[in-house]
Amino acid sequence: MRQGSKSVLILGGYGAAGTAIATLLGQRIEGKIVLAGRSLEKGRKRAEKLDREAGATGRFSARSVDVADAEQTRQCPHGQNVVIVACGLSVSAIESLVQGCIANRADYIDITPNPRKLEIFQSMRTRIEASDSRFVLDAGADPGLPGWLARWLCQASTGTVTDIKMYGRYRSADIGWGGVADILTAAESQGWKYNGGWIHSRVWDVRYRRFEGGLGSSICVPVFLDELQALPQELSLERFSFYHAGLNPVTDALMTFERTGILGCFSFESRQRAFYSALQRFTKKPFGLVLTAESRADGASRRISIGHSDLYRATAIPAAILCTSLMEAAGMRPGYGYLGEWASQDKRFPDKLQEEGFWYRFGE
Ligand SMILES: NC(=O)c1ccc[n+]([C@@H]2O[C@H](COP(=O)([O-])OP(=O)(O)OC[C@H]3O[C@@H](n4cnc5c(N)ncnc54)[C@H](OP(=O)(O)O)[C@@H]3O)[C@@H](O)[C@H]2O)c1
């Protein structure tokens, strides 16, 4: 099938991340791009705007899909080559969507974390591997790129890497309502590191870090991401940690309250609203994303930093690169895995990130 006759559906397609992915895909592929969400009206307006910006007619269109409705979620991959998920999905919605993708031989990419996602994919493994569909999990920037960067660093290091430390920071005042919900939900993932196994770190185990790429300095706490769970064993590491900076001092305080449950008497929506307001009010420039990985191998150390000046563009880039690879088939077998597992199979992945505006710094 020619790429021009292919179609990609983006769930959450007119939200902040969905729009960034749609814009970039419009530049990378020739097929149609369908923006889905609960409001057909909002989708249409965004599709018209994207068409205008691209100087095209009918490349972008809209569709009403509510992922809270199992039947709509199961049916939405019909006629699509790839479904990209840029909105939160419940456990049952993930199951419905995976079934729909398999039934319609569609590929799947998501950028939205869910602590139970891997478990769901593991339970559907046999069906997935017998299907024609490929499933790429957490294919945004953060989560997404840390798992890939650690693998890349290991490949680039000479000697046996036993210890990797990673640092990450992202800053944007435009994080959407759905993105804020996911950040708050991830509060419990703070305070973890790998030392022969994933363990709780001490409360005072924080780092003060000056970030490259002009992203300033910040206190960082060790965090756990689902994509990192099996990584230390896969890379035969003895120690692994990912220290992450917050967005601004007020949202950092709200995250601490979230983690300790102090504000539990308020509804999740009220806490989300408080975080959302604090994010918009107190997050100041510089904006962007930076991830650094440092390795130690046979007494020698090595460092790679990658970054981008726009968080949402950075989020869209890995998802759009993977979408393009899936549409070109590119020898990727049916199955599921995190971004790092798929991207490590593509030797040109670092070049592709750079072509789309990521910068790299290398050091000893
Ligand atoms: N990995 C990364 O690097 C990364 C970076 C940024 C964001 N993200 C993730 O991307 C997701 C979206 O974040 P965002 O900042 O773009 O949020 P957002 O601007 O609020 O966008 C969310 C979108 O989802 C749609 N949506 C909400 N409920 C829906 C439902 N039941 N059915 C269908 N569509 C629904 C919304 O439209 P309606 O409300 O009109 O339906 C909206 O278009 C979040 O899960 C976030 O964690 C990941």
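One is the number of the first residue; the rest follow in order along the sequence. We count ligands from 1, going down the list as the structure has it; atoms in each ligand are counted the same way. Only this structure's heavy atoms are used, side chains among them; waters, hydrogens and symmetry mates stay out.
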key: Glu356/Lys352 salt bridge by N-O under 4.0 Å criterion   = no
remark   = If you compare Ser90, Ala319, Pro143, Gly179 by their heavy atoms, the one closest to atom 1 (N) of ligand 1 turns out to be Pro143
ask   = Between Tyr108 and Phe135, how do the two ring planes meet: parallel, tilted or perpendicular, split at 30° and 60°?
value = tilted
query = atom 42 (C) of ligand 1: which protein heavy atom is closest, and how many Å away?
reply = Gly15 CA, 3.9 Å
query = Mind checking whether Met166 and Tyr208 sit in one hydrophobic cluster, side chains of I, L, V, M, F, W, Y counted as touching below 4.5 Å?
reply = yes
ask   = Does atom 36 (C) of ligand 1 have a protein non-hydrogen atom under 4.0 Å from it?
value = no
ask   = Could Glu71 and Arg74 be called an ion pair, given the rule that one side-chain N must be under 4.0 Å from one carboxylate O?
value = yes
task = May I ask you to check whether Thr112 has an N/O atom sitting below 3.5 Å from an N/O atom of ligand 1?
result = no
query = What is the ring orientation for Tyr167 with Tyr243, classed by angle as parallel under 30°, tilted 30 to 60°, or perpendicular over 60°?
reply = parallel
key: Heavy-atom nearest neighbour in the protein, as seen from atom 46 (C) of ligand 1, with distance rounded to 0.1 Å   = Asp182 OD2, 3.4 Å
Protein heavy-atom partner closest to atom 5 (C) of ligand 1 - residue, atom, separation in Å = Thr315 OG1, 3.2 Å
key: Ala16 N/O under 3.5 Å from ligand 1 N/O   = yes
inquiry  = Between Arg296 and Asp163, does any side-chain N to carboxylate O distance fall below 4.0 Å?
reply    = no
ask   = Is any side-chain N of the basic residue among Lys117 and Asp226 closer than 4.0 Å to the acidic one's carboxylate O?
value = no
ask   = So does Arg207 pair up with Glu294, basic N to acidic O under 4.0 Å?
value = no
task = Give yes or no for whether the N/O distance cutoff of 3.5 Å, strictly under, is met between Gly13 and ligand 1.
result = no
message = Evaluate Cys87 for polar contact with ligand 1, using N/O atom pairs at a separation under 3.5 Å.
response = no
key: Residue-ligand contact Asp142/ligand 1, heavy atom below 4.0 Å   = yes
inquiry  = For atom 33 (C) of ligand 1, what is the closest protein heavy atom, and at what distance to 0.1 Å?
reply    = Val65 O, 3.1 Å
key: For atom 10 (O) of ligand 1, closest protein heavy-atom neighbour   = Ile111 CD1, 3.4 Å
inquiry  = Regarding ligand 1, does Ala17 bring an N or O atom to under 3.5 Å of one of the ligand's N or O atoms?
reply    = yes
query = Closest non-hydrogen protein atom to atom 18 (P) of ligand 1, residue and atom name please, with distance?
reply = Gly178 N, 3.7 Å
ask   = Under 3.5 Å between some N or O of ligand 1 and some N or O of Gly37?
value = no
task = Could you tell me whether His200 and Trp192 have their ring centroids closer than 6.0 angstrom?
result = yes
task = List the closest protein heavy-atom neighbour of atom 23 (C) of ligand 1: residue, atom name, distance to the nearest 0.1 Å.
result = Gly12 CA, 3.6 Å
ask   = Should the ring pair Tyr360 and Phe362 be called parallel, tilted or perpendicular, given that the plane angle runs from 0 to 90° and is split at 30 and 60?
value = tilted
Sub-4.0 Å heavy-atom contact, Tyr170 with ligand 1 = no
key: Heavy atom of the protein closest to atom 22 (C) of ligand 1 (residue, atom name, distance)   = Ala86 O, 4.1 Å
task = For the pair Arg348 and Glu355, find out whether any cationic side-chain nitrogen is under 4.0 Å from an anionic carboxylate oxygen.
result = yes
message = If we only consider heavy atoms of Gly144, is any one of them less than 4.0 Å away from an atom in ligand 1?
response = no
message = What I want to find out is whether Glu48 reaches Arg44 closely enough, with some N-O distance under 4.0 Å, to be called a salt bridge.
response = no
ask   = Can you list the ligand 1 atoms lying under 4.0 Å from a non-hydrogen atom of Tyr14?
value = 37 (O), 38 (P), 40 (O), 41 (O), 43 (O)
